Protein chains: 2
Amino acid sequence: MDEQWIIDKIKAAGLKLTRPRMLVIEVLRQNKNGFISADEIFNLINHKEKVCDLTSIYRTLTSLEEIQLVEKSDFFGEASQYRLLSHQDHYHHHHHYFKCNECGKIEVLCGDCNVVQYENDLKKRGFSNLSHRLELSGLCPSCNK
Amino acid sequence: MDEQWIIDKIKAAGLKLTRPRMLVIEVLRQNKNGFISADEIFNLINHKEKVCDLTSIYRTLTSLEEIQLVEKSDFFGEASQYRLLSHQDHYHHHHHYFKCNECGKIEVLCGDCNVVQYENDLKKRGFSNLSHRLELSGLCPSCNK
DNA sequence: TCTTTATTGCAATCTGTTTGCATTTACCTT
DNA sequence: AAGGTAAATGCAAACAGATTGCAATAAAGA
């Protein structure tokens, strides 16, 4: 594992650099930009021999989410999916999601967010502290043939 | 129960007018425009004596969702919530949702949908069959004081 | 190396939901 | 109004995803 900033961030948060954590991070890194479930992480880590418990994976993911290294997505009531936030994500934090109905893959869409207009209208109606989540689905370019 | 169109719709779908179904619909009707979980429905129905099983409530909700009398919402990984679709909803079917972080209530927001622009951009990039779901959260007008 | 405290593995538990199956009920036919 | 049939029910068991308690272990500062 190279990415020093990840290690720095973990240490800065007062968390220990343990084996399960390193394994989880390594899997997340290899899954760059994609989402993956706790169970899938578990299977990838343990496919040769059992080296890490599922419980520890959940706990690791929760910790890493707390220090903003990981983002959790609950997409349409299915098992939660996780992804490693990139260095940039920390500063530019808002995303939209696309899930393909064919291959099931979840993509992060980086683009303009015109929902902000909508939020402004709501503020005028008395709402506050607004945040939102936009989830799209359909067919992704590769399944759309 | 008055609303004849509900009964008509159930019969038209070839479903029987059973007691559990009537009870569930009655609860949903009294909860007009709001979302409610299977468990809450169960408790409302059975608060005096047990007259209907939770299993039947789930099955009823599934059936009613299939014939588009009920809408299901999986909000941020919590228990699924359901609401009765109004007569109009059948014809004008797209909504956005707002969940208050304080009181937990989910509201249906009827308003313009400027996400359509965004979908058009995606179509140009090869995506198709797009649909979306917009979930907002924050403080609702009554909790925002 | 020693000590402390966080973290782990395991088993048990939980919540929300679904399934199998024998019994019951709505409702169509007569 | 009674009877037959397929659909719907209740109950118990199973399920999936996730969390918790606790004793054993391991990371990292002294």
Side-chain angles (χ1 to χ4, degrees), chain A residues 1 6-27 35-46 49-67 69-82 104 106, chain B residues 1 6-27 35-46 49-67 69-82 104 106:
Chain A
M1 174 149 89
I6 296 179
I7 293 180
D8 292 343
K9 185 129 203 185
I10 290 174
K11 285 191 164 172
L15 298 178
K16 289 180 180 171
L17 239 46
T18 64
R19 193 151 142 68
R21 279 178 191 156
M22 297 318 245
L23 292 167
V24 168
I25 289 170
E26 193 49 33
V27 169
F35 281 90
I36 187 171
S37 68
D39 200 65
E40 289 170 318
I41 296 172
F42 176 84
N43 289 133
L44 285 172
I45 289 178
N46 299 294
E49 50 166 341
K50 186 174 175 196
V51 292
C52 175
D53 195 78
L54 182 57
T55 308
S56 299
I57 291 172
Y58 276 112
R59 285 195 273 230
T60 291
L61 291 168
T62 304
S63 307
L64 298 186
E65 196 194 359
E66 274 159 14
I67 64 171
L69 254 178
V70 156
E71 179 182 27
K72 180 180 178 181
S73 164
D74 293 294
F75 220 104
F76 289 69
E78 291 170 17
S80 296
Q81 311 251 119
Y82 304 83
I106 298 176
Chain B
M1 173 146 90
I6 296 179
I7 293 180
D8 293 344
K9 184 129 204 184
I10 290 174
K11 286 191 162 170
L15 297 178
K16 291 182 181 171
L17 239 44
T18 63
R19 193 151 140 67
R21 278 178 191 157
M22 297 317 243
L23 292 167
V24 167
I25 288 170
E26 193 47 35
V27 168
F35 281 92
I36 187 170
S37 68
D39 200 64
E40 289 170 318
I41 296 172
F42 177 84
N43 289 133
L44 284 172
I45 290 179
N46 299 293
E49 49 166 343
K50 186 173 176 194
V51 291
C52 175
D53 195 78
L54 183 56
T55 308
S56 301
I57 292 172
Y58 276 112
R59 284 195 273 229
T60 291
L61 291 169
T62 304
S63 307
L64 298 186
E65 196 194 358
E66 273 160 16
I67 64 172
L69 255 178
V70 156
E71 178 182 26
K72 180 179 179 183
S73 163
D74 293 295
F75 220 104
F76 290 71
E78 292 169 17
S80 296
Q81 311 251 117
Y82 304 83
I106 298 176

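Just so you know, these numbers come straight off a predicted model, no measurement behind them. Proteins come first, then strands; the chains are lettered A, B, ... in the order of their sequence lines, and each starts at number 1.
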Problem set entry | Residue whose closest nucleotide on DNA chain C lies nearer the 5' end, T55(A) versus S37(B) | T55(A)
Using a cut-off of strictly less than 4.0 Å, decide whether [X] has a side-chain nitrogen or oxygen near OP1 or OP2 of [N].
X: K72(B); N: dT17(C); value: no
X: S80(B); N: dT17(C); value: yes
X: S56(B); N: dA8(D); value: no
X: R19(B); N: dT9(D); value: no
X: Y58(A); N: dA18(D); value: yes

Exercise. Do L61(A) and I41(A) pass the side-chain contact (heavy atoms from CB on, under 4.5 Å) test, and can you show the C-alpha distance, the side-chain angles, and the key distance before you say yes or no?
Worked result: CA-CA 10 Å; L61(A) 291 168; I41(A) 296 172; 4.1 Å; yes
Let me know the distance between [atom1] of [X] and [atom2] of [N], rounded to the nearest Å.
X: L54(A); N: dT20(D); atom1: CG; atom2: C1'; value: 14 Å
X: N46(B); N: dG10(D); atom1: CG; atom2: P; value: 9 Å
X: D53(B); N: dA12(D); atom1: CG; atom2: P; value: 9 Å
X: F42(B); N: dT9(D); atom1: CZ; atom2: P; value: 14 Å
X: L23(A); N: dA27(D); atom1: CG; atom2: C1'; value: 15 Å
X: D39(A); N: dA16(D); atom1: CG; atom2: P; value: 10 Å
X: L64(B); N: dA8(D); atom1: CG; atom2: C1'; value: 13 Å
X: I10(B); N: dA8(D); atom1: CD1; atom2: P; value: 11 Å

For this session: For I57(A) and A38(A), work out which heavy atoms get closest and say how close.
Result: CG2-O, 3.9 Å
Exercise. Rounded to the nearest 0.5 Å, how far apart are CG of L69(B) and CD1 of I25(B)?
Worked result: 6.5 Å
For this session: Quick one: pull up OH in Y58(A) and OH in Y82(A) and give me the separation to the nearest 0.5 Å.
Result: 6.0 Å
For this session: Tell me which of A38(A) and R59(A) sits closer to the 5' end of DNA chain D, going by the nucleotide each one is nearest to.
Result: A38(A)
Problem set entry | Qualifying salt bridge (Lys or Arg N to Asp or Glu O under 4.0 Å) pairs with a residue from residues 11-25 of chain A, counting only residues at least two apart or across chains | none
Exercise. Which is it for N43(B) and N46(B) under the side-chain contact (heavy atoms from CB on, under 4.5 Å) test, yes or no, and what are the steps along the way?
Worked result: CA-CA 5 Å; N43(B) 289 133; N46(B) 299 293; over 6 Å; no
Exercise. Side-chain donor-acceptor pair under 3.5 Å between D53(B) and T55(B), yes or no?
Worked result: yes
Give each protein N/O atom lying under 3.5 Å from an N/O atom of nucleotides 27-30 of chain C, with the pair distance.
{"from": "dC27(C)", "atom 1": "OP1", "to": "L17(B)", "atom 2": "N", "distance (Å)": "2.7"}

